Every structure is written in structure tokens, then in C-alpha cells.
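What you see is a predicted model; the values in this text were computed from it and never measured.
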Number of protein chains: 2
Amino acid sequence: MIITRRRVLRDEQLFCVDEPFQTMYAVRFGHFKTFRVNLNGERQILGFPMTSDVLGLDAIGPARHASSVVALENSEVCAIPFTHFEQLSADLPSLQHHFYRVLGHAITRDQSAMLVMGKMRAEQKFAAFLVNLSTRYADRGYSPLRFRLRMSREEIGNYLGLTVESVSRLLLRFKQKGLLRIDHRGVNITDRAGMEALATGQTTAEPIASRVHKPPLVAADHQFK
Amino acid sequence: MIITRRRVLRDEQLFCVDEPFQTMYAVRFGHFKTFRVNLNGERQILGFPMTSDVLGLDAIGPARHASSVVALENSEVCAIPFTHFEQLSADLPSLQHHFYRVLGHAITRDQSAMLVMGKMRAEQKFAAFLVNLSTRYADRGYSPLRFRLRMSREEIGNYLGLTVESVSRLLLRFKQKGLLRIDHRGVNITDRAGMEALATGQTTAEPIASRVHKPPLVAADHQFK
DNA sequence: CGCCGACTTGACATTAATCAAATGTAGTGG
DNA sequence: CCACTACATTTGATTAATGTCAAGTCGGCG
């Protein structure tokens, strides 16, 4: 099976909705956004895949890509031809089994996203979003407390179903509550527990000024690459 | 491969979250709801599977069920042992291919749901929900315009992230706009086009009283089985 | 007949969107 | 290197949408 690497520059499109499906992509490094365009012409961001995530799975059913993918920064992917893969997996039970698992995870992940979008209010959604990012960085061996947002406020809002203004105000509120520090796109979570409490809705009447202990602010230029 | 049938009575649980995954289920007839319980103990309904939908796919990744499934009415499913299936699919490329498609569809479906939940407002969400139901009934050979809601208002609201009260008021609004008639749980869509326009957000300033032409109200007891 | 749960309706409070404007930041070309 | 433009972000004032609380109605069922 021929697996090739492909560089994708910032703002470059990896694949586009309705394009015939031939290739899956595993992210080697970098960040992406996946989105769809609804009938009204508006974009809806569906997720922010990063290193080790697999792209293009939603095309397996309809044989055409159901979403578009654009790089948020200069990135690199492995291109895996699907037909080759499918043949090979028939001979390699362990590969097939593993692939089923990947697909299964894709489903569970989407369902979790629905949970977030559906019931939660703005503050909760955003907190859940940050906790999710934090967890994913931890899974990948990066700091769960200090990371850089690769997406704009607008993209966050679009993803969460909020306006840019709301996103901005929520960041301010989190800062005031002593949950995080933020400089441009550099995030420093100072109260992970409080953040999770918010995300899970266990927010009981808010003890106003507590847990302030001020770790140093993140340098503006920190990167993960 | 041993495929068995299983009856599931109204309110009976087909499987439960965290249960080890062994079996997939294809719905033969009937309606179900799938849901999760968040950390706060609240239920979030993830979908309303019906005839020919496949249940339990979200367990393939983690090998444990990620959601619970309960029947909304007396129903029947085919139980398909997953390990048997996995072995068999290795020998039958067409089966494997088909299964990939089913999984792919599950992913796209979930993403569509996210689109609905994320950006839309209450009216739009609910319209999209009804249009979706309508389409699914059409796909299955039933009337897309007259059908019975198997779920309570509360369950609809839970699924869409709205309160029961909002659901109730929205139904009233739809009635007043001449989009549908409703008697208890019997729905009669009288303006499918208008409904779709609402769902897709192409609602331009609402011409107030038009398209009223009053088709006969649905009998209260219509069923699809 | 009367209870109970599902649903509707109304008044009010709260949330988040909208509109509008100011401020900051990153590039770009001189 | 700096001025300048375009864009991203913040902030403020206001409005519309939706949740919350509280009755009340409807229908099914024992």
C-alpha cells in the first residue's frame, strides 16, 4: 500500500465537499478545521482535527466527501488510498479491527459534540470546548494547561453556535473568575478543576474570589510544533 | 453467522451504556431513543432510530456501549454478533464494504445533527427536526406528510436542546403559520415547502396570511406499523 | 369519577444576539 | 523602520429569543 506524505499550508484546502472519496488522511502534525456549507451558504465548522486524528472518514458512506477540510497552520498529513486500504484490511484482521475502532471513535466523538451543543448554555459550551482541547493536548503529550488557540474567535463561535462577541465576553468572564489567563491566542488554564466544574454544569453559586494564585502568564509566542 | 430476532417492549432497554459490546442491532420495526447521561446525571437524547437503522455502532471503538437505547413502542430488532460479523466480513469483501458504508453514514448523520444543534434557532431546529422525520418516513415508504410522533414533547425538547414549553409554543406557531396540523401526537404537514424553507433558514419576512387551504385533520389514532 | 402525567398557556427573568463603535494587531509597501 | 490598511478582537447599549416559574387544561386509565 502506497502511503504518501503531503504538506498542507495554512489556509490551504486538503479536500473539498462533494469531491469523490479516494483517500483518507492521518494528520502527522498541524491543525485543521472541518466544515460544511448549509443550504443558506453559511459555513458550519464541525471540528478542529489535530495530530493523529484521521480525516475524510465521513466520506466512506456516500463515496463523496461530506465536509471540507482546511489547514489552520502549516501541517502535514499521510494520504492513505482507501481502496488499497480496504483490500489490505481484508487480509489483515488486526488492521480491519483497528479501523473499526477508529470509525467507532469518530462516531462517539461526534455524539459527544452533540451533547455539548444541545443542552449547554454558552458559558458551559465554551468551558467544555476548552477542557476538550486541554485533554486532547494532554493525550498528545503536550501541556494541558498552556496551549495556543489555532483558530480565531470567529471560528470558535461558529463551532459552538455563538457569536464572536459572546466568545469574547466569555473569555473575559473566565479571566475574571480566575479560571484562565489569555494573551492573544495563548491560553493558560489556571484552574482546571473550576473549568471542568463549569463544563459539567456543577457550578454552585460561585464562591467569588478564591483560588487566585497567579501562575506566570504565557509568553505570547509559544507554539507546539 | 447466527442472527436472532428480539422483541423489545415499550420503555424496555435494548442495551445500556458501559455494557460490553458484543452485538449490533438492526431495527426490524418500531421506534427507539438513544441517549447518554452526562456527568450531572441529566439525560441527553442523541437520536430516534427507527426501522432499518442500526444500533450500537458507537460501541465499536471503545468496546463498550457509549449510549443506552430504549424502545418508544413495541419493536423488534435483529441481533448481530459483532465478532462473528467481523470474521465473516473479512471473507466477504462486499459485506465489509457495505459495513463501511453504514459506519460512514452514521458519521455523516451525526454531523448533520451537529449542524442543526449548533447554528440554528429554536424555530429552525424544530422545523429541521420535522423535515428530517418526514424524509425518513418517505425513505421507508410511509407518508412524509402524515405521521405520528412516537416521542413526547419533553423528549423532542431534550433532543433539540429546548424546553418542553418552547416545543409546545413552536407547535402552536407552526399551526398558526399554516405549516401543519397537529392532534396530540398526530402530525399532518400541510406546507412541506414552507417547512423546509424555515428549516434551511430561507425565511424572508413572512407573508402573514397566505397558503391557508386546510386539508382534513388527521385521525387521532393513525399509526405506522 | 377522580387522579396523574402530558401538554398548554401566561407572566416574567435571563441569556445571548444584534447593532454600533472603538481598539488592537498583523501585514504590506514605501 | 514606520505609516497605513485590513482584519481581528473587545466593549457598550439595546433588543429579541428562550428559559423559568406557576397555573391551568386535557385525556387516559384505574
**Message:** For nucleotides 15-20 of chain C, give me one character per nucleotide, 5' to 3': B if any protein heavy atom sits under 4.0 Å from the base, S if the only such contacts are to the sugar-phosphate, - if neither.
**Reply:** -SSBBB
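- Counting to the nearest Å, the P atom of D/dA8 and the CZ atom of A/R150 are 18 Å from each other.
- Applying the side chain to side chain contact (heavy atoms under 4.5 Å, CB included) rule to B/V102 yields the partners B/V54, B/L57, B/H98; only residues at least two apart in sequence or on another chain are considered.
- Within the 4.0 Å cut-off from OP1 or OP2 of C/dC7, at least one side-chain nitrogen or oxygen of B/R185 is found.
- Atom CZ in A/F174 sits about 16 Å away from atom C1' in D/dT10, given to the nearest Å.
- Distance A/Q124 CD to D/dG19 P: 13 Å, rounded to the nearest Å.
- Rounded to whole angstrom, the span from the CZ atom of A/F126 across to the C1' atom of D/dT9 amounts to 12 Å.
- Rounded to whole Å, the distance from CG on B/L172 to C1' on D/dC26 is 16 Å.
- Summarising the geometry, the separation between CZ on A/R153 and P on D/dT11 is reported as 11 Å, rounded to the nearest angstrom.
- What separates CD1 of B/I182 from P of C/dT8 is a distance of 7 Å, to the nearest Å.
- Not counting sequence neighbours, the partners of B/A127 by the side chain to side chain contact (heavy atoms under 4.5 Å, CB included) test are B/F174, B/M195, B/L198, B/A199.
- For A/R10 and A/E73, the salt-bridge test fails: no basic side-chain N is under 4.0 Å from an acidic carboxylate O.
- When rounded to the nearest whole Å, the span between CG of A/N158 and C1' of D/dA8 equals 15 Å.
- Applying the 4.0 Å criterion to OP1 and OP2 of C/dC7, one finds that B/H184 has every side-chain N and O outside that range.
- Using modelled atom types, one side-chain atom of A/R36 and one backbone atom of A/A66 make a donor-acceptor pair closer than 3.5 Å.
- Annotation for A/H184 and A/R153: closest pair O-NH2, 2.9 Å, computed over non-hydrogen atoms.
- Taking five base pairs at each end of the helix from C/dC1-D/dG30 to C/dG30-D/dC1, the local helix axes there meet at an angle of 30°, rounded to 10°.
- Counting only residues at least two apart or in different chains, side chain to side chain donor-acceptor pair (under 3.5 Å) contacts with residues 157-169 of chain A comprise A/T163-A/S166.
- With respect to A/E42 and B/K119, no salt bridge is recorded, no charged nitrogen being found less than 4.0 Å from a carboxylate O.
- By the side chain to side chain contact (heavy atoms under 4.5 Å, CB included) test, A/R121 pairs with no residue at all, sequence neighbours left out.
- Salt-bridge annotation for B/E123 and B/R173: present, with a side-chain N of the basic residue lying under 4.0 Å from a carboxylate O of the acidic one.
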